[in-house]
Each structure stands twice: as C-alpha cells, then as structure tokens.
Number of protein chains: 4
Amino acid sequence: MKSPILAFLQDLHARYAPLTEGKVADYIPELSKANPNWFGICIATRDGQLYEVGDTRQRFTIQSISKALSYGLALEDRGEDHVLSRIGVEPSGEAFNAISLKPGSGMPFNPMINAGAIATCGQVLPKDGETRIQRFAAYLSRCAGETLDVDEEVYRSESETGHRNRAIGWMLRNFGIVDEDPHDILETYFQQCSLKVTCADLAVMAATLANQGVNPTTGERAIAQEYVDNVLGVMATCGMYDWSGEWIYRVGLPAKSGVGGGIMAVLPGQLGIGVFSPPLDAQGNSVRGIKVCMDLARDLALHLFNPSAAPQPALRLGYNASQVVSRRRLPPVASQAVRRYGERIRVLELQGPLVFSTFEPVVRTLVRQAAYCQQVVLNFKHVVSADPVSLRLLSQIRAQLATNGVTLFCC
Amino acid sequence: MKSPILAFLQDLHARYAPLTEGKVADYIPELSKANPNWFGICIATRDGQLYEVGDTRQRFTIQSISKALSYGLALEDRGEDHVLSRIGVEPSGEAFNAISLKPGSGMPFNPMINAGAIATCGQVLPKDGETRIQRFAAYLSRCAGETLDVDEEVYRSESETGHRNRAIGWMLRNFGIVDEDPHDILETYFQQCSLKVTCADLAVMAATLANQGVNPTTGERAIAQEYVDNVLGVMATCGMYDWSGEWIYRVGLPAKSGVGGGIMAVLPGQLGIGVFSPPLDAQGNSVRGIKVCMDLARDLALHLFNPSAAPQPALRLGYNASQVVSRRRLPPVASQAVRRYGERIRVLELQGPLVFSTFEPVVRTLVRQAAYCQQVVLNFKHVVSADPVSLRLLSQIRAQLATNGVTLFCC
Amino acid sequence: MKSPILAFLQDLHARYAPLTEGKVADYIPELSKANPNWFGICIATRDGQLYEVGDTRQRFTIQSISKALSYGLALEDRGEDHVLSRIGVEPSGEAFNAISLKPGSGMPFNPMINAGAIATCGQVLPKDGETRIQRFAAYLSRCAGETLDVDEEVYRSESETGHRNRAIGWMLRNFGIVDEDPHDILETYFQQCSLKVTCADLAVMAATLANQGVNPTTGERAIAQEYVDNVLGVMATCGMYDWSGEWIYRVGLPAKSGVGGGIMAVLPGQLGIGVFSPPLDAQGNSVRGIKVCMDLARDLALHLFNPSAAPQPALRLGYNASQVVSRRRLPPVASQAVRRYGERIRVLELQGPLVFSTFEPVVRTLVRQAAYCQQVVLNFKHVVSADPVSLRLLSQIRAQLATNGVTLFCC
Amino acid sequence: MKSPILAFLQDLHARYAPLTEGKVADYIPELSKANPNWFGICIATRDGQLYEVGDTRQRFTIQSISKALSYGLALEDRGEDHVLSRIGVEPSGEAFNAISLKPGSGMPFNPMINAGAIATCGQVLPKDGETRIQRFAAYLSRCAGETLDVDEEVYRSESETGHRNRAIGWMLRNFGIVDEDPHDILETYFQQCSLKVTCADLAVMAATLANQGVNPTTGERAIAQEYVDNVLGVMATCGMYDWSGEWIYRVGLPAKSGVGGGIMAVLPGQLGIGVFSPPLDAQGNSVRGIKVCMDLARDLALHLFNPSAAPQPALRLGYNASQVVSRRRLPPVASQAVRRYGERIRVLELQGPLVFSTFEPVVRTLVRQAAYCQQVVLNFKHVVSADPVSLRLLSQIRAQLATNGVTLFCC
C-alpha cells in the first residue's frame, strides 16, 4: 500500500518537474554541466524515516549549504564568544557576494554571506592529524550519515576563478578577522563548497539539525547540542541571502540554499527537508526548490509558528476522538482537571511535554490548592518529556508545599 | 503560598533594578520626563493568567511597538498582496530612522523601520465612520483588552519635531508608496506612536499574538488569524532594528521594542512577555528590557527552537514519572506501540497534538500493518489537538485501508 | 565678410543638428512640450561680443543652471563661513537627485545637487521689500542683462510633482541646515528653476562669471567679485553631477547644465559659452550640448589648462612674426632681456600681465643686478595689467634696492 | 641682497614650524620613524629657478603622490581609450582606501584612490628590458631631474602589511580591470610608493607638469605632452581624496598629497610647489602642507581662476606705468587700437599670447575693416606666443580678406 505522504510528494514533484524557469549556475564551467531536469525531493523524519521522490541520489556540490554547518564546527572549535567576536549574526540586506563588512571592525555581517563563510572557515581548527578540510568533510559526513568527497574538478574551477573570494580573504586578513595568510583558508573554503552531496543527504543533515544534532539515521551525534540553536538562528535570519526575510515570512523554516541547486530546510524538533534542482533564480536560489518548500510549508503546515504544533497545557481533561475531530482548538484549563479524593487529597493528571508554558498552569493550580489539601498526586503517565525548567519548578513547588505541610507525590 | 514563578520574576526584577546604564529618550521633551527607575515585568499566558512585577501599571507611550500591530491591521484592510507590493519584509541592516528605501521601487525594506511604518500607516483605511487613528486605537485596545488613549502632549511634541519623518513621508509619496499628501498619514502615525500603554498591556498584546489573534483575557478576536504569522514573521527578522539577528540568535523570540522603554516579546503558541524600563541603549532598545528578555529566554527555556517544546510522536509508549525525570529525551517510535488483539486486530494509542510530524509515524505504521490485519483501532483519548493536515492524512489513509479491506476505527 | 569664427560655429551647429539621440525631460508635462529640434550655440566674449547660431533666442526654463548663481547670491547674503557651515563643496559621486547628505551633520555634499541647491536657496535673504524669488530674479537678470520671468506653468508643475524635493527639504530642516518650515523655501526653489532664459542669456551669464562678475554687455556688476571664484570652483568639481570628473577631464571648463536643455560653460578670465538643445542623456545633460562643448574645447583650445593661455614671463625679448609662427613656445628668460646703458644703468622692458609667476623673473634679475648698478629702469609700456601681488613685490624690491643704494624708476 | 620672494617663504616657514598638530603616519613602522619637525617648502619656476626653505633635501617616500605620475605613464603605454575603459576619472566622495569600484563594471572611480592607482600600475608595461618598477623609477627620475631609488625598508613593510591593497588587487582581477594575478602588480605598487624623494624633487615634478611635461631644470621631456592635461585634470578633481572639492574651492591648484608628508601642487603653465612635513591630519594630508598651500595660493594669488593671469586681448593700446599701477584692469578693446595710414591701409599692433579669446577681437576688427581698406598690417613684435587655434584663424581670415581684395601682411 502506498503511503499518502509519498503520494503527496509525487504529486508535488509532478507539479514542478515541467517548469523551465531559472538558469543553471555557470560562473564556473563545471557547474554549468548540471542537467536542468534533475529534480529531487526528500523529507527525513526525526526517527530516521526518509521519503524520497525523483533524483534524490544524484550527486552535486553542496556549495553555500556548507556555510551553515561550517558555522557549527567553528563554534565547537572556538566557542561562541570567540566566533561572535569575529563574525556577526545580522542580516546584511545585501547580495551573497557583497563584501559586507561592518565599518570599523571589518566583521562580516553574518556567516551565510561569502565573507562570513570564509571567516568561519578560518576559525575551524586542524586537529587530530587532520587538515581543516578533512575535519570538515568528516563532520559533514557525520551529519549526512554518508562519506562525502570533494569534487576535484569543481574545486579546481572554484580556485582558479575565485578572485572575488580572494579579495574578501585579504580584506578579512586586513581587519584581523583571520590571523593568517588567507591562501590556505580559501583553498579549504573552495574544497568545502565542492563537497558532493545528494538530495537525501541534505534531508538527513536537516533532520540532524531538527534532532538537536544527533543524526537520526545513524544515531550518532554529529553537531554539539549547545550550538544547534545558533546554527538554526543564523539560518532563520540570514540563510536565503537578501530573500531571507521574505523566506521566513512565506515559508517559515530555517533554511540554506546553494548554487548547486540544493536547499536544506529544518523544522526544528520535527523534521528535515532536502530539495535539489539546478536552475536558479536571480537571487541564486533553486527555482523548483523555492516552490517545493513553499508548497510543503503551506500544505503540510510546517511553519515555525504553526500554532497546532505548540505544546498544550499539561493539565489533562477528558477527550474523545470525535471532540478532537470536530473542534481543533485546545480547551481552557478547567478546575475539573483536578480530581479530589476525599477532603485532603488531590490528583492531577499530566500530559504531553513539560516546558515552562505547559507546566505553568500546574504550578498555578498547586499554589491555589495548597491551602485546601494535605497530599497532591501528580500522575506522569501521559507525560512525554520534561525540560530542565519544568523539573526545576517541580522541585521548587514540592519544597514550598512541604513547608506548608502538603506532600507532593509523583507517579 | 507564593508561586515560584512569581518569585523568579521578583528575583529577576531585583537583579536589574539597580542598573544605571542607558539613557531615557530625549529627542522630544515629553519623553525625557520619564522616570529612569520605572521598571516592570509581565508574563501573560495563553489562558489569560498575568504575572506582574514592578511598575506594570505605569502608562507610557507605545512608540515603535505599534508598528507590529499596525502592520496586522494594514494586512486586514488591504490584503497581503497589496501590502507586499508597497512594503518589503527584508531586514535592512540599518538603523531605525534610516530612510532605507529599495533602489528603484522606493519600497521600504520592512514595516518595522520608520519608512515602512509610515507606509503601513498609509495603508490602514478609515472605515465605519472612524478616522484612521480611531480605528487603530480601537484595534490596539482589543489587543490589550484595555481602552488606550493618545498622550496629547507627546503627540504634539512628535508632530512638531518630526521633520525626518515628514521627509520620509514625501519620499514615499514620490515613489507612489502612499497615494496622498503625506501630511494626514504622518499625523496619524504620530498619534499611533503616542498611544499610552502599560507593561501589562504589552504582555497581553504579546499573548494575543501567541494565541493566534484571540485576546486571552477577554476571549475576543483582536487580530485576523490569517495574518498573525505575518506579524510574527516580520517581528522575528526585523523587530529589533539592526540588532534583530543578534536578538533571534540570543533570545529567540519574535519581539518589538519602542523608545518609550517598552519591549513586547512573543513565544508563539505559548505566551507573551512585556517589559518596561525607559533607559535605552545605543540601538534605542530598553537596557533592562533586553537583559530581562535574555534571562527569561535562557532561564525559562523560552527559545523559539526549544526542542523540548516540539511536538512528540503521536504513537504512545508506556511511561512513568521516574523515567521522565531521569531521561528527558523522547524514546524511539517502537513496534510495541502497536498492540495486537488476536491475529487481525491492531490498536494504536495516540497522544499529544496531531500535526504532520507527529502523525507521520502513525501513517507509516498503518501502511506497514495493512497487509497483516483486518481492523485497526486508533485510540484518541490522549490526543489534545489535531490540525487540518493530520485530519486530511487520516481520511486519506482510512480510504486507502478500506480499498485494501482494512477497517479503521477511531475511539 | 563673414567671420571665420561664426563660420566655425555654423559648421558645428550643422554637425550636430541632425542628431536624434537623447530624450526631452518629461518628469513634468510642461517640460515635455519642448521641441527636440531646438538647438542654439552662443559665445560671449569678455568685451560683450556675442556670437550666435541657431535658436539662441528661444525661451526655456533655466532649471539647475540657476544653482550656480543662487550659490553666489547666498554667499553675498551670508558670507562664506556661514554658507560653508551649511553646505559642503565636495563632489558626491552620486546622481543629482540623490539625497546625499553627509552622515552626522546632514550637510548636503555640494550646492549643485538638489539638496545643496534647496539649502542654498534657504540661505538667500529677502531684502529691500523683495521676496526671495524677486531678489533672485533681479540678480539673475543682472547676470544675463535681460529681465527674466518665471514660467508659471512650469513652476506649478514643479510644485505639484516635487515630492522628492519636499522630502529633501524636510531632511534639511531635520538637520538644522535650514531654519524654517521648508515649504516657502521649496516654492522659491521651484520658481527659481522655472525662470525663463535664452541660450544667449546663458552665454552672457557665463561671460559675466568669466569677467569677474561684471556683465560685459551692460558693464554692470552682477556678482560680488570676491565670490566669483567660489562659484567657479563648485562648477568645476560638481557642475555636471556624477559626470563632473569626466567633464573636467575631457572639456576642462567650469560648467553647469539643466534639464531644460541648457549648458553654461565658463573659461575664466576669457569668455562664456551657452548651448541649448532639449534632448538629454542618461545623466540629464543635453546631448548636443555636451558634444558642442567638447568640440569647442578641443577645436578652440578652450581648456582651463591650455598652456598657451598661461601668462608669459614679463621680461621681454625681441621677436618677430615669423618666429612666433614657426616656434610656438616661449623662449627662455635670457640675460639679453636686460639692456645696459653705461656701467651703472640697467633697463628692463616688461610686457604682458604682471602676476607672481611672470614678475618673479624680474625680481630675480633685479636681485642679481643690485650689486652691479646704481639705477634700474623698468619700462611698463607693454604691460597690460598688474595684480596686487606683483605690485607688492615691486614695492618691496624697490625698498630693498634703495637700502642697497640702487634707485628704481618705472616708466 | 635677499630676494623678497625668499623672505616671504622664510616667513611662511617660520609661521608654521611651531605647529604641533597632526600625527606622523604609523600604519607601517618605517613611516613612524619620520621626524615630526621636518618641514620644507619649495617653489620651482617654469625656467628652472628653485626657491627653497627648510628641510628641502631630506629624503622621504613619495607614497600616493606617485599615483598622479603613474597615471601619466599608463596613458603613454596604453592610450587614453584603453585606460579610460579600466579606470574612471570621477571623484568618489570616499576615503582613499575605500574600495570604491563602480557597481557593475568594477571600475575604480579614479586613479587617485588606491584601487585606481593599483589598476593604473597594472597598465604600465615592462619595456626595453626593464621591469615595471625600473621603468617607473626612470620616468619619475626624469620628472624630478634626480635619480630616485626605492626605500627597501619601507617597501618591505608595505608589502608585509598591505592586506587591504591585496584585497583590492583581487577585486580588480575579479572584474577584469587587471588581466593577471595581482601579486606582481602589487609588489610594483608597493615599490612605486616607496620611492624616495625630496621636497625639492616634488617642486620640480610639479614644475614639469606646469611646463607641459618638460623638466625645466634639465630641459628633458619627462611626460608626453598630450597627457599632461589628463594628469592635471584628475589631480584637480580627485587629488586630495575626499577633501578635493574643498581644496579646489580654497586653494585652487591641481595637487596630490602622500602619507609620507609630501604635497605637490601645480599652477598650470606657471610654476610648481613642493611642501614636506610628516604630521598628517585626519584625511591623511600634511597639516603644515595644507596651511602652506592655502597661504601661498592666497598671498601669491596662485589660484587657477586668478583673473589677472588670464590672457589679455591681443589688440594693443597705449599704456604707461602709472596707468598700470593705478588701474589694474584691462581696458576695453577700442577702435584706437587700429591705426590708419591713409585711406586704405590699417596697422594693428598685437601683443601677448595669441589664443582664441585674445585673437578673437583681432579677427572681429579685421572683418569690420575689410570693407574699408586694401592692406592690413599685423605687427607681431609684442606677441609672445601663438597657439594653433589662433594661427588657423589667422590663415582663414587672411584667405577671406584675399578673396575680398584685401592683402594681409604680418611683420
């Protein structure tokens, strides 16, 4: 039996496959050899499931998509303070290859423009006997769950024609953003951009970001957890060059595109998307890629602000399926969420993920009930997770209840 | 008994009350009369609970915070296409009072800079016998759940000294972004900025945005649901001027600040925050406001990308409280989520909110089980909500199962 | 008998009359009514002679050419220090209608861009019962030797569509470059630009500037002598907008053009040129006007740096016509320039204009001869003028010779 | 006996020697070793006379002053069209080290900013077995009349720290402004800037430019005559960076400064000035140098537009010394300039340099007299030079007179 999800993706693919808009990147001869008909769509879930339609195993060079992940590695190597002292996180309002250095400091506006990406590359450290590019390739391979190699032809082409990037490199050197002759950094940067990936790889990398840095297909940690939000943050505001604001407005997913035709988009905590189609629009984004992402976001309600995906209050009321189907909104937190057993015992049934906003009504209810009871039972059976904040609040309220002569039980 | 949440906010207030950094806005005499010690913090929940500490009922002028809500009203009046044809949604990388019009079209970069806000103001229609400012005041009052008035002194001051804004108005007129003599638009704009609010009002307005446009204290719809994400989108990328990227990176909440000292921040689907303290930093953001929001985001894990707040897979496994407390991550979707009753009956217990990413494993499981059973029961008892996408998938899979001779029951 | 100069100008006119390039200004309807075939060329000499070819008596609006002269009047009214504190004299490298205010101070880069011209207009004082525009019209009329009136149709058109200029006006108000509501200044500015002139008027105005501010046809002083060089200075570096550098490089004459199709060019100390032809190039300069000026400069050697026009050493040697014709360079200053009469008497025959560089060899010779003579006679018969510097040097050297026992006679 | 000119320069030196403003350039260690008290002033006349006061024989590096002369050499090597297709001649309104490339073409705005100077350096050809730097050093040596060498310490320093210039070099390579790897061009550029000169050398180079490219001390042609005006043109509009407009306005001399503390200024056709004093102002111009040039221009009336230096009408009237002294302005061209000998013979006595504006009254008079005479005699005895334009007019009028039966004699 065919999954309706796969069917949806096949429809989507069929919808845009006939498109003839856009132009394959041709600033280097190697890129212009791409077939304009190549077109793949992938969704990777947080538990490692991969939906694939079209040319999802065709290799192409990752190009600027590498910038997002390289930023994560630089953060791991140097720490946030160091990296933020060299590279900003502000959208620049300018094209990707604009020099865009802040007046005075010479700091690149953000790591997603070339200047920022070259500076980022210069923060990555060679380590454990590996060169920078070996380390980065291994890191990216962990994100993709595949061994990724440099396309030597593309790399050579990039290096031979990368005059503007060399200019940027020297400008960074001038402002002390990089500490060494930029030559080696640039070669690493050209290699980094020339790593070959597939559309499926992009989706898995995106899912790795969605999954707090753990690759969901291999189960291996690829990105240090503490820097995942940083990477998503710059993707959210700067990932699509001077179309980033429009992208968040219309699509609502942190994303990064590359002139090879790839787009990687992340719905944090939920899933990853990869799209591949070489013809580009004027901003250098894949024409089909943009359309596919806009349709996915709209038709599957994958927007960052989707209210239905917001965590619901943890104080559980009775439901049945027909209610859910007929009225889709959450119910008010009502007193019937508290069951009484005799005069002095209260039972609260909790559910869903516990975070500040879901646990706050529990705290509030406990504060209110404190005067009227001796024992409170919190039933965690339907709780799926609890973050440190909710656990801290739990421990605080338990202590306070104790001072007020009320015992709190969790079960 | 005192809520540990209130205690936390009181600590936070005490932490930053002694600060002496920053400077009260003085570009108009009226603003400079603000007391630099005024300091209030509010959190408003989606069910109408309000936590307040400090000067939360002190009135001050809303200033630029009005820009975010005015944008919502303009969208309601003119529709997205019209508004997007006049005002962009790209961060400009420039200061708030930069003229920042796109070369050629003269479109303001976004509605959060003065040029964009004046243009937005010009899109709002006088209607039902109300002037523009009356309509906007009524709209904003619905968002706050309070009747808001113009501070006439501040308005007069703004109007007398608003030379730069008049220049912007004429430039917009020049490019046909506004269609009329800008004089009246500017007067409305000066009045709009001079509306008096309290810190509590800001929190409720933020909660209204968090609650899909319905004011959680009054239960009244204040903002058309379809435009809430648009407002949040521009707040996310452009709300804090040329510090917007940094803000998303560090705080991670769509927000808007004003030179009156207010900041309004939204955790979509969850809660709203209001902070008020007049001394400003160099970017024109409230010094204490920024620090409070950074601490709130960190200490209460209120970041947009907080993985714990992400919806969990809907296929339920057994839990107990100790598990939750000791390991905070969600478990893999395992086959034991499907219970068998005899050879041909399967029961799947669902939970949490149903959206694409949580319902996809259910679909997948159903597709796999189709060949091995005759009846499937989906237990919705612990489901808290279902979005249209999940319901569409449910109906598709039910139809497909039927063609394969499998009956799907929901209970 | 026809003058070969007139014949040259007729040839020049015939050369470019067939041109069809360029586009009549149409940003206001009135301007677009101009006949694209109108074409006039005038040269006005320092002694009031006027060479005219073509449509030299057709009236058109002066437009931006007024900026150069308005600057002169502002200098007279407020003095150089005041005016320089409000309006810069640096080329901006930007188009004429760019806002181009210096960051920080808000000073317009120069008086030749719109912002600078509006600011300049705001410095002109109403005086003697005249409004600003009456004063300026009278001033300009003195420069042209004709009574100039406002074209009311064009003025109305300018005023109705001058949104960008109003924006500029408010920006200037914002920075305190003008001290009043810009409305009246702008109306004056629109009137100033709408004054009607002819090609002949432009040539006479240019000749007035060439003639140190005295109108050569009327003999009346039109521009205070001390500010003529200031006007010429800004025309030299900023007169042709973002083509000013190219203009000085290729044409080498301080000049100013207007969108009405006029160009006024000055060869300081020598003559004035007026050209009129409505079709404009992309920079807003008259297409035929540019070509005519380039040919005039080349074919008549009218470049500012023309070495043949440089003053020759004042110490005269013997010449004859054939020498002049065969070798066109000046001879070295030779000792035979000093004639001896007996042992102790020296006679130096002087010639040409006396300025520092021409008189310096005389001083040098006198210093050298001092030890060898008792009397020196300077023969001024062939001297045509002497500037204050040469007269000061003369008096100094006379005094010094006296202390050394040498008497200096002038005859 | 001491020359009053030398006395004037000594006073000027004494006036500014005590100044303590400004800061010696320290961006490379070698430059910071300069003695802030070094101070020299030189004037070189067109006939090779050199006035010197102070440290006029102290060597220092030429730095940016080389840009003006390098531009002349590039023009000789490649022709005007080629050079103008690579490097503009527009002031940029920006600082010297701004990248300032025109959008689209990537052309540097002008040859006086670093980008333009590096591009210019790349147009100079190695020739006759010499490297670029050898050719340029020889060229510059001809301009100075001295053998100039590279300061190897400064060169090494420049090369080691010239990161920004390398960035500019690669940007020029990117836009095809230079055709080769910029490395060699930059080394030549660093050497060019490190050539050692004296204040006296600067004055002689300036006099060489004033003297149409012939070094007045050696009599050798140093700069091709046809390009001298091009060099002076860019010096006039772009020579003093973003102070160029102010400079022309206040000083009125084409000039070029360098961070070594030198300024070279030219009064075309008349003389050259060199000033040297290491402490610089914020724009990178020598503090004392600016003041000295302003005083020289004012006190010696050396402004480009000085009306007294303008050529006087060639039709001579009778004068005597007292007239000259009392009324300094030229007389009107009067009919008494034509002497009659009998009915049919006219004698016109000519004087001064013959250029268009001085010869035009002669032409006009001849045209008027044609009907009334049979023979005209032009007496050239007091003519000092005649440019090709006046000779062409002479030949035309002679031919026309002949057709009208009038014979023209020159004597």
Side-chain angles (χ1 to χ4, degrees), chain C residues 1 3-5 45 47 49 89-93 212 229 232-233 236-237 245-246 248-249 268-271 300-301 303 305 307-312 319 321 324 328 330 332-333 351-353 355-357 360 363-364 367 370 380-387 389 393 396-397 400 404 410-411, chain D residues 1 3-5 45 47 49 89-93 212 229 232-233 236-237 245-246 248-249 268-271 300-301 303 305 307-312 319 321 324 328 330 332-333 351-353 355-357 360 363-364 367 370 380-387 389 393 396-397 400 404 410-411:
Chain C
M1 202 180 92
S3 162
I5 292 169
T45 70
D47 63 342
Q49 174 70 11
V89 291
E90 283 303 322
S92 71
Q212 283 297 297
D229 285 5
L232 292 172
T237 53
E246 199 100 356
I248 283 297
Y249 192 91
Q270 303 190 46
L271 51 76
L300 301 187
H303 199 284
F305 305 142
S308 301
Q312 307 304 324
Y319 269 91
V324 169
R328 293 155 193 176
L330 80 167
V333 172
Q351 66 181 357
V355 295
F356 176 79
S357 72
E360 177 272 332
V363 172
R364 196 195 318 160
V367 169
F380 277 75
K381 190 177 165 205
H382 295 285
V383 166
V384 294
S385 71
D387 78 349
V389 173
L393 286 172
Q396 288 172 342
I397 195 80
Q400 263 185 294
N404 284 271
C410 296
C411 72
Chain D
M1 201 179 94
S3 163
I5 293 169
T45 70
D47 64 341
Q49 174 71 12
V89 292
E90 283 303 323
S92 70
Q212 283 296 297
D229 284 5
L232 292 173
T237 52
E246 199 100 356
I248 283 297
Y249 192 91
Q270 302 189 49
L271 51 76
L300 302 186
H303 199 285
F305 305 142
S308 300
Q312 307 303 324
Y319 268 91
V324 170
R328 294 156 192 179
L330 80 168
V333 171
Q351 66 180 358
V355 293
F356 176 79
S357 72
E360 178 273 332
V363 172
R364 195 195 317 160
V367 169
F380 276 75
K381 189 176 166 205
H382 294 285
V383 166
V384 293
S385 71
D387 77 350
V389 173
L393 287 172
Q396 288 172 341
I397 195 78
Q400 262 185 291
N404 284 270
C410 296
C411 70

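Numbers restart at 1 for each chain; the letters A, B, ... are given by sequence-line order, proteins then strands.
- Take D/S357 and apply the side-chain contact (heavy atoms from CB on, under 4.5 Å) test, not counting sequence neighbours, and it matches C/Q270, C/L271, D/P311, D/V355.
- Contacts with chain D were tallied for C/S3, C/A309, C/G269, C/A236; C/A309 has the most, counting heavy-atom pairs under 4.5 Å.
- Looking at C/A301, the atoms closer than 4.5 Å to chain D (heavy atoms on both sides) sit in the backbone and in the side chain alike.
- In terms of heavy-atom pairs under 4.5 angstrom with chain C, the leader among D/Q396, D/H303, D/E360 is D/E360.
- A donor-acceptor contact shorter than 3.5 Å is absent between the side chain of C/E246 and the backbone of D/E90.
- Only the side chain of D/T45 has a heavy atom closer than 4.5 Å to any heavy atom of chain C.
- Residue D/P91 comes nearest to C/G245 through the heavy atom pair CD-CA, 3.9 Å, listed as atom of the first residue, atom of the second, then distance.
- D/Q400 CD to C/M1 CE: the interatomic distance, rounded to the nearest 0.5 Å, is 4.5 Å.
- Residues C/P353 and D/A310 share a closest heavy-atom pair of CG-O, 4.5 Å.
- For the options C/I397, C/T237, C/L393, C/V89, heavy-atom pairs under 4.5 Å to chain D are most numerous at C/V89.
- Between C/P268 and D/F305, the closest heavy-atom pair is CG-CD2, 3.6 Å.
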Self-check item: Test side-chain contact (heavy atoms from CB on, under 4.5 Å) applied to C/I5 and D/R364, step by step
Solution: CA-CA 9 Å; C/I5 292 169; D/R364 195 195 317 160; over 6 Å; no

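- Rounding to the nearest 0.5 Å places NE2 of C/H382 at 5.5 Å from NZ of D/K381.
- For C/L232, the parts lying under 4.5 angstrom from a heavy atom of chain D are both the backbone and the side chain.
- Contacts with chain C were tallied for D/V363, D/L300, D/I248; D/L300 has the most, counting heavy-atom pairs under 4.5 Å.
- Contacts of C/D229 with chain D are made by both backbone and side-chain atoms, with heavy-atom separations under 4.5 Å.
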